[in-house]
Amino acid sequence: MFDRFANPARFMRFSKIVLPWLAGITIICIAVGLYLGLFTAPADYQQGESVRIMYVHVPSAWMALFCYTNMAIAAGIGLIWKHPLADLAAKSSAPAGACFTFLALLTGSLWGKPMWGAWWVWDARLTSMLVLFFLYLGYIALNNAFDDPTRGSKASSVLVLVGFVNVPIIKFSVDWWNTLHQPASVFKAAGPAVDTSMLIPLMLMAVGFTTYFLWIVMLRMRGEIIGGKIRAIRLRQVHG
Amino acid sequence: MTRFMHIVRRDLYLALRQGMDSAMVVMFFVLAVVLFPFGVGPEANILARIASGVIWVAALLASMLSLERLFQTDFEDGSLELLSLAPMTLEVIVLAKVTTHWLTTGLPLIAAAPLLAVLMNMNIDGFGTLILALAIGTPTLSLLGSVGAALILGSRRGGVLLSLLILPLYIPLLIFGVSAVDSAISGFAVRPQLMIMGGFLVATLPLCPWAASAALRQALE
């Protein structure tokens with residue numbers, strides 16, 4: 001299966017078809033999700049209107065973990081099968097993942113001030129999320145630290161895999177420790193403990209964020225491939 | 001095993017002959033801790049309260065200080081390439097380097113820690129646990145650090161980069177290290193925290209040399 005997508009030319013053709021669809025789904029889902037979340041969905045009986053921050057906060061936190069898992073898989077494929085597109089995928093996912101993590105931390109902080117009375121508390125989930133943010137930054141820094149880009153992508157792939165230990169810690173931090181942060185309420189064995197009127201906008205936002213991520217990553221990968229071609233042409237002109 | 005000992009002995013000789021590396025690390029450790037009474041003021045109870053955290057953070061930073069040179073000098077003069085051709089796996093070489101790093105930085109840090117605990121007015125009940133926790137924790141620091149040191153070989157701005165890569169991974173160890181000392185001072189059981197730190201050590205002992213040698217192979221390609 002990987003061989004089929006290993007071909008950059010095939011990827012370029014494939015992504016050209018998929019990109020507009022991803023863009024469309026992203027815009028529709030986020031627009032409808034935001035409208036439902038901000039205007040239609042009821043206010044929480046305890047948290048009042050500030051519960052609406054959740055519609056951005058929760059999907060971005062999911063995406064932060066999803067991006068990192070994605071990067072770890074891509075990095076693993078890149079290291080094992082020396083797949084050029086996998087390295088590019090990992091590299092292109094990192095800025096998006098860092099932004100989602102930052103967004104999750106920022107919205108969480110905005111929500112925490114009225115609810116907990118503090119912008120920041122040092123509980124297990126927040127701290128492990130902050131570590132995730134630093135791991136993203138470390139990945140980006142290491143990727144750019146070498147004159148030889150392949151060496152940079154190899155080294156940073158190892159780093160992503162080492163840092164992956166943090167992902168289960170974040171996921172289960174609310175179960176393992178008695179934290180201030182709420183435990184999981186959507187993905188539970190007994191079914192979601194969230195009302196449908198809140199669940200639908202939340203899910204729409206989650207789908208929108210995911211397609212947005214795929215859209216951005218594909219766009220960046222296309223940019224990288226085209227950039228590589230331009231570099232090759234320039235080099236040929238210099239040498240020829 | 002004899003080859004392992006050979007590398008350890010060679011690196012120890014180099015560390016002792018080339019000079020002051022491990023003395024510098026201890027000096028940095030002491031100075032970093034001594035800055036705190038100037039920063040937060042010399043009140044005895046405040047210092048006693050933050051002593052364990054300050055000593056642990058300073059130990060992390062001090063142990064990181066010499067990590068950059070773990071593979072760098074051998075990489076630059078080509079001996080790392082020769083070592084990688086020796087009839088043993090790269091993991092054993094990494095493990096030998098880590099052992100030397102611990103002997104030249106971790107061990108002096110442990111020796112200096114009680115002195116600093118006295119300076120920071122730490123409660124006497126915490127001393128034993130502090131030493132024990134550092135004894136379990138500092139090898140883990142060296143092991144985790146070896147991955148970072150291998151990754152940055154041949155990069156620009158290696159030192160700053162190393163801290164960005166390694167410090168986030170040090171955080172769990174810091175949490176449990178400090179919490180062990182604090183529970184010893186308040187009279188709670190310290191066994192759980194020490195067990196978890198032991199678990200970290202046991203987990204990093206096989207995994208970190210493996211990851212570090214994967215990174216080294218790429219650097220030597």
Side-chain angles (χ1 to χ4, degrees), chain A residues 64 68 72 75-76 78-80 82 87 94 97-98 101 105 122-170 172-173 176-179, chain B residues 53 60 64 68 71-72 75 90-91 94 140 143-176 178-179 192-193 196 199-200 203-204 206-221:
Chain A
Y68 200 87
L79 281 179
I80 295 166
K82 315 240 182 273
D87 283 339
T101 316
L105 290 171
W122 289 98
D123 93 350
R125 167 120 334 154
L126 276 71
T127 314
S128 49
M129 216 49 191
L130 189 65
V131 171
L132 184 71
F133 184 58
F134 288 136
L135 285 174
Y136 274 122
L137 294 187
Y139 174 87
I140 295 168
L142 187 63
N143 208 327
N144 293 321
F146 294 92
D147 294 323
D148 172 16
T150 47
R151 169 94 180 86
S153 69
K154 290 270 166 59
S156 46
S157 298
V158 175
L159 181 73
V160 171
L161 292 175
V162 171
F164 190 71
V165 288
N166 191 29
V167 169
I169 295 180
I170 298 177
F172 296 110
S173 57
W176 291 345
W177 288 283
N178 193 7
T179 58
Chain B
L60 294 191
M64 210 183 59
E68 200 189 342
F71 302 113
Q72 192 75 42
F75 179 69
L90 213 47
E91 283 82 354
V94 172
T140 319
L143 280 163
L144 283 172
S146 72
V147 181
L151 283 175
I152 59 151
L153 280 185
S155 72
R156 293 171 255 128
R157 305 180 299 273
V160 189
L161 191 60
L162 183 63
S163 55
L164 186 60
L165 303 186
I166 287 303
L167 283 179
L169 300 175
Y170 279 178
I171 290 174
L173 208 64
L174 175 66
I175 292 172
F176 289 106
V178 174
S179 126
Q193 283 95 333
I196 290 173
F200 285 148
T204 49
L207 290 178
C208 285
W210 182 54
S213 49
L216 281 183
R217 279 194 196 100
Q218 285 157 16
L220 293 172
E221 243 170 31

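The sequence lines fix the lettering, A, B, ..., with proteins before strands; numbering per chain opens at 1.
Here the options are B:L162, B:L164, B:L165, the test is side chain to side chain contact (heavy atoms under 4.5 Å, CB included), and the partner is A:L142; only B:L165 passes.
Ranked by heavy-atom pairs under 4.5 Å with chain B, the first of A:D147, A:N166, A:L137 is A:D147. Taking A:T127, A:V131, A:L132 one by one and counting their heavy-atom pairs under 4.5 Å with chain B, the maximum is reached by A:V131. When the candidates B:A219, B:C208, B:A212 are compared by the number of heavy-atom contacts under 4.5 Å with chain A, B:A219 comes out ahead.
Counting heavy atoms from C-beta on, the side chains of A:V162 and B:L207 never come closer than 4.5 Å.
Only the backbone of B:A150 comes within contact range of chain A, with heavy atoms under 4.5 Å apart. With a threshold of 4.5 angstrom between heavy atoms, A:L161 does not approach chain B through any atom at all. Contact of B:L161 with chain A is made through the side chain alone, with heavy-atom distances under 4.5 Å. In this structure, chain A has no heavy atom under 4.5 Å from any part of B:L144.
Nearest heavy-atom pair, A:L79 versus B:Q218, reported as atom, atom and distance to 0.1 Å: CD2-NE2, 3.3 Å.
Between B:L169 atom CG and A:L135 atom CG the span is 6.0 Å, to the nearest 0.5 Å. In this structure, the separation between CD1 on B:I152 and CG on A:L159 is 12.0 Å, given to the nearest 0.5 Å. Atoms CG and CZ, on B:L153 and A:F146 in that order, are 7.5 Å from each other to the nearest 0.5 Å.
By the ring pair (Phe, Tyr, Trp, His ring centres under 6.0 Å) test, A:F134 is found to be paired with no residue, residues two or more places apart in sequence or in another chain being considered.
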